[in-house]
Amino acid sequence: MSSRFTSISSKVTVMIIMASSLFALLTMLIQLLWNYLGAVGNARNEIHGYSELILPTLAQALWDVDRSLQQDLLSGMEQMPNVGSVELASRDGVYIKLGGEAQLGSQAQPGSEAQRGGESRRSADAVAEPVVLAVNYEGERIATLTIALDRSEIYSTLWHQMVPLLLGNALKTLAMAFVILYLLKHLIMKRLLALSSFADAVGLSEGARAVPALQLDRKNDEIGQVASALEAMYRRIRGDWALIRQQQRKLALRGRALSHTVERQDDMLKWMAQANQLLAEVSLRFLKASATDSAAELGFFTENLGQMLAVERVAVMEFGDGRVSYRGFWSPEPDAMPARDLLIDNLPALHHKFGQTRTVVIEDVEQICDSDPLEYRYLKQVGITSVAGFAITDGDTLLGVLAVSNLTAPLCWSPEKSAILTQFAAALNELWLRERREQRMLELQQELMRVNVKLAEEAVTDALTGLSNRRPFVERLSAEIFRTGALLMIDVDFFKRYNDSYGHLAGDDVLKRLAQLLKETLPKNALPARIGGEEFAVVIPGMDAEALTLLCRDLLDAVRILAIPHQGSHLGHVSLSIGAVSLEHCSSVRDAMGKADASLYLAKEQGRNTAVVNGSLSVLTVRQAD
Ligand SMILES: Nc1nc2c(ncn2[C@@H]2O[C@H](COP(=O)(O)OP(=O)(O)OP(=O)(O)O)[C@@H](O)[C@H]2O)c(=O)[nH]1
């Protein structure tokens with residue numbers, strides 16, 4: 001800006017000097033012209049004045065033809081300053097010319113040419129515009145006096161005036177130029193430079209505000225107005241700029257906040273993806289896990305969940321029988337142990353909250369110091385400062401809690417984490433449901449096995465007496481054919497009468513008591529069976545005939561001692577008839593059973609309460625002594 005103004009200043013200076021010089025020159029020329037005209041006018045006035053003095057005398061001298069006086073008068077005139085020539089032409093032919101060559105036109109006399117020959121050369125215009133005067137005598141014009149001016153003297157005078165004029169004008173021009181430049185510099189250039197400095201100082205990026213110089217601020221002229229306009233524009237632009245900066249800052253803040261939100265969302269999405277991946281893996285493992293390896297799966301689950309959440313404790317607790325028991329536990333400290341099981345009654349508020357809201361987040365245990373003192377005491381006891389718990393439920397039934405906690409720093413929690421932890425809790429519920437289903441299945445299988453065993457037993461057992469029934473008995477008997485052993489066919493005497501006398505239920509009771517007696521009396525390797533309504537059969541491996549006879553007697557004695565009253569019997573008590581055979585003499589089951597039946601029949605024939613051993617071969621009848 002400064003160099004630009006300096007250039008304008010130089011141009012203005014040159015123009016002012018040129019204009020001043022031109023003006024001074026014009027002034028000088030005008031003054032010279034004015035002086036010239038003044039000098040000519042003065043010369044004419046002097047000539048006219050002098051002529052008025054001499055013209056009467058000259059007219060008298062012409063009248064008197066006094067040449068000498070004429071000559072003197074004209075010489076006097078010719079001697080006047082600025083008079084170039086004096087020429088007198090009378091009506092009488094007098095012609096006198098003094099001074100330079102007259103140019104009188106038709107009045108010029110031929111003889112006067114000689115006089116002009118020796119005259120000094122005066123410039124042709126030295127006699128221009130002559131003063132022509134009429135010489136009158138007694139009112140009559142008798143001659144004409146022509147006086148030519150000598151301009152060379154005027155020019156000479158003017159020439160001599162021109163030098164001081166030139167110097168004077170030059171000085172005036174210089175003075176005027178100096179004054180103009182001084183004024184220009186002080187009134188315009190300095191302020192323009194101040195304005196330029198102010199304009200240079202105007203910078204929106206600068207912190208400090210630009211202020212116009214005082215010489216600009218307080219002047220009510222064009223430059224002051226420009227400065228005021230520039231300052232006003234600067235203030236307005238600065239205001240707008242400040243507004244824009246404010247909006248930019250707001251936008252930047254919003255941009256940063258948005259960026260932060262996007263980053264947080266991005267991190268959360270990554271975390272959610274990781275959490276969902278773990279949830280899918282855990283769910284799959286829970287789905288494949290059997291009840292026996294659920295503990296290992298819970299270990300995998302708690303460890304991975306704890307590492308993903310970067311917490312210090314992960315616990316899976318189960319409610320049951322009024323107790324809270326730890327099903328799973330993880331801590332980054334390898335020797336950390338979970339707290340021991342505790343009673344639900346010791347955590348009543350938490351248990352109630354889990355039942356109501358399903359999710360409980362305690363960012364600082366001090367918050368529950370007054371509201372839930374039991375829970376506060378327990379959490380302080382196990383060293384937990386911050387905990388988030390999620391109910392494991394089956395419908396409305398509260399099964400347990402999945403809890404993550406910190407011992408030192410508060411949990412960095414969020415709704416997204418709560419949502420994913422709720423799903424983990426649901427996965428745990430699925431695992432426990434599977435466990436319960438498997439347990440139920442196991443119980444059902446065991447029940448089925450028990451039923452099957454019972455059915456199998458029932459298939460081979462008589463329901464009333466608990467003895468073997470016919471089928472296994474026949475199989476066993478078949479296996480003992482040709483071997484040393486015995487077969488007994490036992491029938492209750494007069495049993496129809498007993499039923500008739502005491503009722504069918506009492507008859508059943510008699511059958512059961514007799515079966516029990518057989519079990520107690522027979523050898524351990526014997527197989528007693530109920531093969532008919534009131535008919536029993538026994539196969540006894542390894543028993544010879546002698547032992548068989550003794551056994552039959554023992555049986556009859558045992559029944560007698562049992563002394564079950566029987567009013568339909570002549571004995572007055574229940575008795576048995578026995579048909580017994582040794583199996584080594586039998587060829588088949590049919591043969592053995594036929595022989596035993598025959599012996600039994602024989603025993604009945606003998607009056608009942610009798611045992612017949614090997615009746616058809618070596619009849620041995622044992623009569624019970626009454
Ligand atoms: N209470 C009861 N009675 C039965 C059962 N099975 C068969 N009886 C009865 O046993 C009786 C058998 O009678 P019988 O074949 O005539 O023989 P008995 O009366 O014992 O006469 P003897 O054998 O000649 O001494 C019938 O009245 C049947 O009803 C049973 O399970 N319970």
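None of these values were measured; they are calculated from a predicted model. Ligands are counted one by one from 1 in listed order, and the atoms in each one are counted from 1 as well. Below, each value reflects all heavy atoms present in this structure, side chains not excepted, and no hydrogens, waters or symmetry copies. If you read the sequence from its start, that first residue is 1, and numbering goes on from there.
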Say whether, by atom type as modelled, one donor and one acceptor occur between the side chain of Arg434 and the main chain of Phe286 under 3.5 angstrom. yes

Atoms of ligand 1 under 4.0 Å from any heavy atom of Leu511, numbered from 1 in the order shown, are 30 (C), 31 (O), 32 (N)

For Asp508, take its heavy atoms, then give the atoms of ligand 1 lying under 4.0 Å from any of them. 1 (N), 2 (C), 30 (C), 31 (O), 32 (N)

So which of Tyr502, Tyr498, Phe495 gets nearest to atom 10 (O) of ligand 1, if we judge by its closest heavy atom? Phe495

Against ligand 1, does Lys512 come closer than 4.0 Å with any heavy atom? no

Quick one: does Asn499 get an N or O within less than 3.5 Å of an N or O on ligand 1? yes

For this output row, return yes or no: ring centroids of Phe354 and Phe390 closer than 6.0 angstrom. no

Neighbour count above 12 (heavy atom, 6.0 Å) for Glu363 CD: no

Hey, looking at atom 31 (O) of ligand 1, which of His504, Arg530, Glu534 has the closest heavy atom? Arg530

Does a donor on one side chain and an acceptor on the other come within less than 3.5 Å for Glu520 and Gln516? yes

Val492 neighbourhood, listing ligand 1 atoms whose heavy-atom distance to it stays under 4.0 Å: 20 (O)

May I ask you to list the atoms of ligand 1 that are less than 4.0 angstrom from any heavy atom of Lys604? 22 (P), 23 (O), 25 (O)

Side chain of Asn276, backbone of Met272: donor and acceptor closer than 3.5 Å? yes

What is the nearest protein non-hydrogen atom to atom 13 (O) of ligand 1, stated with its residue, atom name and distance? Lys496 CB, 3.5 Å

Are any side-chain N or O atoms of Arg530 and backbone N or O atoms of Gly532, one a donor and one an acceptor, separated by less than 3.5 Å? yes

Within the 4.0 Å heavy-atom cut-off, what Asp491 brings close to ligand 1 is side chain

Any N/O of Gly507 closer than 3.5 Å to an N/O of ligand 1? no

Within a distance under 4.0 Å of any heavy atom of Arg608, pick out the atoms of ligand 1 and give their elements. 22 (P), 24 (O), 25 (O)

Any side-chain to backbone donor/acceptor pair from Ser478 onto Val474? Under 3.5 Å, distance only. no

Do any nitrogen or oxygen atoms of Leu464 come within less than 3.5 Å of a nitrogen or oxygen of ligand 1? no

Backbone, side chain, both or neither: what part of Val510 comes under 4.0 angstrom of ligand 1, heavy atoms only? neither

Ser575 backbone acceptor or donor facing Asn609 side chain under 3.5 Å: no

Atom 6 (N) of ligand 1: nearest protein contact (heavy atom, Å): Gly533 CA, 3.0 Å

Look at the side chain of Asp321 and the backbone N and O of Arg323, then say whether any donor-acceptor pair between them is shorter than 3.5 Å. no

Do Arg285 and Phe301 meet the cation-pi criteria used here (NZ or CZ under 6.0 Å from the six-membered ring centre, within 45° of the axis)? no

